[in-house]
Participant: 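Before I ask anything, here is the structure I am working with.
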Amino acid sequence: PMQDPPARVVILVRADDGPVAGATVTVAGATVETDVAGRAEVTVPPGPLRLVISKAGFLDAVVTQATPLAPGTTIEVTLVERPDVDEDVV
């Protein structure tokens, strides 16, 4: 059987108040950072995937994908703020 080629996919990272810039997306041994629009592009191998999205002040988000992604797929991820970093109100 033919092996599916690697696919270039887009990851959009947001939080409650909008896009998250500078989030780290790790997938298949590659690490990319999101831009000011919360967007990152990464080329992924075919087959099951596990993406880990991390950013200081937020809980890590893990996305598992069992089926191969089509090229150009957009994965939207919403980060949740860590509850233990309440900012002091002066």
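Computed from a prediction, not measured in an experiment: that's the story for all the values here. Residue numbers count from 1 along this sequence.
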Participant: Compile the donor-acceptor pairs under 3.5 Å between side chains in residues 25-35 and protein atoms, sequence neighbours left out, one pair per line.
Facilitator:
from, atom 1, to, atom 2, distance (Å)
T34, OG1, V20, O, 2.8
T34, OG1, G22, N, 3.1
T34, OG1, A23, N, 2.9
D35, OD1, A37, N, 2.9
D35, OD1, G38, N, 3.2
D35, OD1, R39, N, 2.9

Participant: With heavy-atom distances below 4.5 Å as the criterion, would you say the side chains of V42 and I11 are in contact?
Facilitator: yes
Participant: Got a list of side-chain donor-acceptor pairs under 3.5 Å for residues 44-70, not counting sequence neighbours?
Facilitator:
from, atom 1, to, atom 2, distance (Å)
K55, NZ, A21, O, 2.9
Q65, NE2, T67, OG1, 3.3

Participant: Between the side chains of T78 and R14, is a donor N or O closer than 3.5 angstrom to an acceptor N or O?
Facilitator: no
Participant: Determine, stepwise, if the pair T74 / L12 fulfils side chain to side chain contact (heavy atoms under 4.5 Å, CB included).
Facilitator: CA-CA 7 Å; T74 298; L12 288 176; 3.7 Å; yes
